[in-house]
Visitor: 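The structure follows.
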Amino acid sequence: MPASLPLRAGLALAATLSTAFAADLLPDTPKQCASCAAWNKPQQPFRLFGDSWFVGTEGLSSVLIDSGDGLVLLDGGLPESAPLIAANIRQLGFRLEDIRYIATSHAHYDHAGGVAALARASGAQVLASARSAEALRAGDVPADDPQADFGSKANSFPKVENIRIVADGEALKLGTLVLTAHYTPGHTPGATSWSWQSCQERTCRSLVYVDSLNPVSDEVFRFSGGNGRPSIADAFAHSIGKVEKLPCDLLVSVHPDNTQMAEKLAARAAGTQPDPLLDAGACRRYAARAREKLAARLAEEKAAAKP
Ligand SMILES: [Zn+2]
């Protein structure tokens, strides 16, 4: 019957297309920024511990966790990082289609920029704090972001859909994985750090993916309040205290150089034992540095406010 031919042809075409595009990642327009090229240098993927892998670029972290019942990806780097992250995931033998969730740290273009493309390619749901979800949906930072005054042209990134809001302290269970969200506002209103355990043979370790605790801002913003905004100094200090107390055998920061990842990898490659990536003091040191930086920034603001 001739009438059925177009339908059959259409179905066949749809099947071909869905196979062809199943794992294809269509990247968004690259972000142009001063540090983008350096951040986006390719990085060979490597095992962090157990079922947790680093799949990011040289300057932007992205972590893949195999739960045994699907994958979880943490962060997506820049828009132009998405193809590199996808290639790293495949190089490890995993499939984009198996990513169930993409958990996000903070909604700035250098960590959330690649999330939209990775979510489209994988069909994954995106996990975010309530305040991050706002920014991810808008593809821009909210008015109370410390960098808001840089403007939309500088701050914007591809809008993200299919977001599930995760509460502070909420533990997401998938396969053998229990991934806990820790709201750590300060660098952005929605900043979120994540913790979980990974096991290798019979040893289990506590891993932390820590968000930025860097008090950087545009020219207008004051962490101590002012220019029509309240102080966020106490909330920021509370975030630092939270990170300091996390069980923490292995720390990955959103910018890997903030936890000396390259140096640790070089030491690992040189055969240093025990594994240099296992660094039980890393969260405490990261928090101590953040506390110093915040104190310095608040002192600067105080000095600048004097007539
Ligand atoms: Zn940022």
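These numbers come from the heavy atoms of this one structure, side chains and all, not from hydrogens, waters or symmetry mates.
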Visitor: Carefully, step by step, assess Arg164 and Leu172 under the rule side chain to side chain contact (heavy atoms under 4.5 Å, CB included).
Guide: CA-CA 11 Å; Arg164 170 169 156 190; Leu172 178 104; 3.6 Å; yes

Visitor: Using the salt bridge (Lys or Arg N to Asp or Glu O under 4.0 Å) criterion, which residues pair with Glu300? Sequence neighbours excluded.
Guide: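 None.
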
Visitor: Considering non-hydrogen atoms only, spot the tightest contact between Ser253 and Tyr286 and give its length.
Guide: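 Taking Ser253 first and Tyr286 second, the nearest heavy atoms are CB-CE1, 3.8 Å.
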
Visitor: For the residue pair Ala148 and Val141, what are the closest heavy atoms and their distance?
Guide: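 Scanning both residues completely, I find the closest heavy atoms to be CA-CG2, 3.7 Å.
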
Visitor: Can you get from Leu71 to Ile102 by hopping between Ile, Leu, Val, Met, Phe, Trp and Tyr side chains that sit under 4.5 Å apart?
Guide: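 Shared cluster, yes.
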
Visitor: Please round to the nearest 0.5 Å and tell me the distance separating atom CZ of Arg100 and atom CD of Glu97.
Guide: 14.0 Å

Visitor: Passes side chain to side chain contact (heavy atoms under 4.5 Å, CB included), Phe49 versus Leu277? Steps please.
Guide: CA-CA 9 Å; Phe49 189 85; Leu277 266 74; over 6 Å; no

Visitor: Tell me if the CD atom of Glu161 is crowded by more than 12 foreign heavy atoms within 6.0 Å.
Guide: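 No, because the 6.0 Å sphere around CD of Glu161 holds 12 heavy atoms or fewer from other groups.
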
Visitor: Which residues pass the ring-ring contact (aromatic ring centres under 6.0 Å, His included) test with Phe46, sequence neighbours left out?
Guide: Phe54

Visitor: List for me each residue that meets salt bridge (Lys or Arg N to Asp or Glu O under 4.0 Å) alongside Glu263, sequence neighbours excluded, and say none if there are none.
Guide: none

Visitor: Test Glu244 against Arg291 for side chain to side chain contact (heavy atoms under 4.5 Å, CB included), laying out the working first.
Guide: CA-CA 10 Å; Glu244 186 172 45; Arg291 193 170 281 127; 3.0 Å; yes

Visitor: Using only atom types and a distance under 3.5 Å, with no angle test, would you say the side chain of Glu58 pairs donor to acceptor with the backbone of Trp39?
Guide: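 No.
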
Visitor: Output the distance between atom CD1 (Ile89) and atom CZ (Phe94), rounded to the nearest 0.5 Å.
Guide: 9.5 Å

Visitor: List the atom of Ala282, the atom of Lys264, and the distance in Å for their closest heavy-atom pair.
Guide: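 Scanning both residues, the minimum pair turns out to be CB-NZ, 4.4 Å.
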
Visitor: Same cluster or not: Met261 versus Val63, using hydrophobic residues (I, L, V, M, F, W, Y) connected whenever any side-chain heavy atoms lie under 4.5 Å apart?
Guide: yes

Visitor: Test side chain to side chain contact (heavy atoms under 4.5 Å, CB included) on Arg284 and Val243; report intermediate values, then the result.
Guide: CA-CA 7 Å; Arg284 287 194 299 276; Val243 168; over 6 Å; no

Visitor: Once rounded to the nearest 0.5 Å, what's the spacing between atom CD of Gln273 and atom CG of Leu278?
Guide: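 With rounding to 0.5 Å, CD (Gln273) is 9.5 Å from CG (Leu278).
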
Visitor: Please check this pair: side chain of Ser81 against backbone of Gly114, looking for a donor-acceptor N/O pair closer than 3.5 Å.
Guide: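 No; judged by distance alone, with no hydrogens or angles, the pair does not exist.
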
Visitor: Among Leu73, Ile163, Ile165, which one satisfies side chain to side chain contact (heavy atoms under 4.5 Å, CB included) with Val126?
Guide: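 That would be Ile163.
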
Visitor: When you group the ILVMFWY residues by side-chain heavy-atom contacts below 4.5 Å and let the links chain together, are Val72 and Val160 in the same group?
Guide: no

Visitor: Compute whether any side-chain donor of one residue and acceptor of the other, for Trp194 and Ser105, lie under 3.5 angstrom apart.
Guide: no

Visitor: Give a yes or no on whether a salt bridge exists between Arg120 and Asp28, defined as a side-chain N under 4.0 angstrom from a carboxylate O.
Guide: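 Salt bridge present between Arg120 and Asp28.
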
Visitor: Side chains of Gln43 and Leu265, heavy atoms from C-beta outward: is any pair under 4.5 Å?
Guide: yes

Visitor: Where do Ser129 and Gly190 come nearest, in terms of heavy atoms and distance?
Guide: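 It is OG-O, 2.7 Å.
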
Visitor: Between Glu301 (side chain only) and Phe223 (backbone N and O only), is there a donor and an acceptor less than 3.5 Å apart?
Guide: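 Such a contact is found between Glu301 side chain and Phe223 backbone.
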
Visitor: The criterion is side chain to side chain donor-acceptor pair (under 3.5 Å); which residues satisfy it with Ser193, sequence neighbours excluded?
Guide: Thr184

Visitor: Is there a donor-acceptor pair under 3.5 Å between the side chain of Ser132 and the backbone N or O of Ala128?
Guide: no

Visitor: Distance-only criterion, 3.5 Å: show the donor-acceptor pairs between side-chain atoms of residues 204-213 and protein atoms not counting sequence neighbours.
Guide:
from, atom 1, to, atom 2, distance (Å)
Ser206, OG, Gln197, NE2, 3.4
Tyr209, OH, Ser61, O, 3.2
Tyr209, OH, Asp75, OD2, 2.7
Asp211, OD1, His106, ND1, 2.6
Asp211, OD2, His106, N, 3.4
Asp211, OD2, His106, ND1, 3.4
Asp211, OD2, Thr192, N, 3.2
Ser212, OG, His187, ND1, 3.4
Ser212, OG, Asn214, N, 3.2

Visitor: Taking salt bridge (Lys or Arg N to Asp or Glu O under 4.0 Å) as the test, write out the residues that go with Arg285, two or more places apart.
Guide: Asp279

Visitor: Just to verify, what does Asp168 make a side chain to side chain donor-acceptor pair (under 3.5 Å) with, not counting sequence neighbours?
Guide: Lys242

Visitor: Compare every heavy atom of Ala103 with every heavy atom of Leu179, then report the nearest pair and how far apart it is.
Guide: CD2-CB, 4.3 Å

Visitor: What distance do Ile240 atom CD1 and Lys245 atom NZ have between them, rounded to the nearest 0.5 Å?
Guide: 11.0 Å

Visitor: Answer yes or no: is there a donor N or O on one side and an acceptor on the other, between the side chain of Asp110 and the main chain of Gly77, under 3.5 Å?
Guide: no

Visitor: Enumerate the ring pair (Phe, Tyr, Trp, His ring centres under 6.0 Å) contacts for residues 152-184, please, sequence neighbours excluded, ordered by first and then second residue.
Guide: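 Ring pair (Phe, Tyr, Trp, His ring centres under 6.0 Å) check on residues 152-184 returns no pairs.
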
Visitor: If hydrophobic clusters are built from ILVMFWY residues whose side chains come within less than 4.5 Å, do Leu96 and Tyr101 share one?
Guide: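 No; Tyr101 is not reachable from Leu96 via cluster members.
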
Visitor: Taking C-beta and beyond as the side chain, do Glu80 and Pro27 meet within less than 4.5 Å on heavy atoms?
Guide: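 Heavy-atom side-chain distance check fails, nothing below 4.5 Å.
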
Visitor: For the backbone of Leu118 and the side chain of Ser122, can you confirm whether one donor and one acceptor N or O come within less than 3.5 Å of each other?
Guide: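 Yes.
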
Visitor: For Arg137, which residues count as a side chain to side chain donor-acceptor pair (under 3.5 Å) partner, sequence neighbours excluded?
Guide: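 Once residues adjacent in sequence are excluded, Arg137 has no partner under the side chain to side chain donor-acceptor pair (under 3.5 Å) criterion.
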
Visitor: By salt bridge (Lys or Arg N to Asp or Glu O under 4.0 Å), which residues pair with Asp218, not counting sequence neighbours?
Guide: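 Counting only residues at least two positions away or on another chain, Asp218 forms no salt bridge (Lys or Arg N to Asp or Glu O under 4.0 Å).
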
Visitor: Sorted by first residue and then second, give each side-chain hydrogen bond (donor to acceptor under 3.5 Å, both in side chains) pair with at least one member in residues 169-181; sequence neighbours left out.
Guide: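 Listed once each, the pairs would be none.
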
Visitor: Given 3.5 Å as the limit, does a donor-acceptor pair link the side chain of Thr259 with the main chain of Val252, or not?
Guide: no

Visitor: To the nearest 0.5 angstrom, please state how far the OG atom of Ser152 sits from the CG atom of Asp140.
Guide: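 Here the rounded value is 3.5 Å.
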
Visitor: With sequence neighbours left out, what residues match Glu292 under side chain to side chain donor-acceptor pair (under 3.5 Å)?
Guide: none

Visitor: Please report the shortest heavy-atom distance between Lys159 and Ala138, naming the atom on each side.
Guide: CE-O, 3.4 Å

Visitor: Give the cluster check for Val166 versus Trp196: same hydrophobic cluster or not, with ILVMFWY residues linked at side-chain heavy-atom distances below 4.5 Å.
Guide: yes

Visitor: Under a 3.5 Å distance rule, please check whether Asp275 uses its side chain to pair with a backbone N or O of Arg268 as donor and acceptor.
Guide: no

Visitor: Is any side-chain heavy atom of Asp145 closer than 4.5 Å to a side-chain heavy atom of Pro189?
Guide: yes

Visitor: Measure the CG-CD distance between Asp149 and Gln147 for me, rounded to the nearest 0.5 Å.
Guide: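 One gets 11.0 Å once the value is rounded to the nearest 0.5 Å.
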
Visitor: Ignoring hydrogens and geometry, is there a side-chain-to-backbone donor-acceptor pair from Thr203 to Cys199 under 3.5 Å?
Guide: no

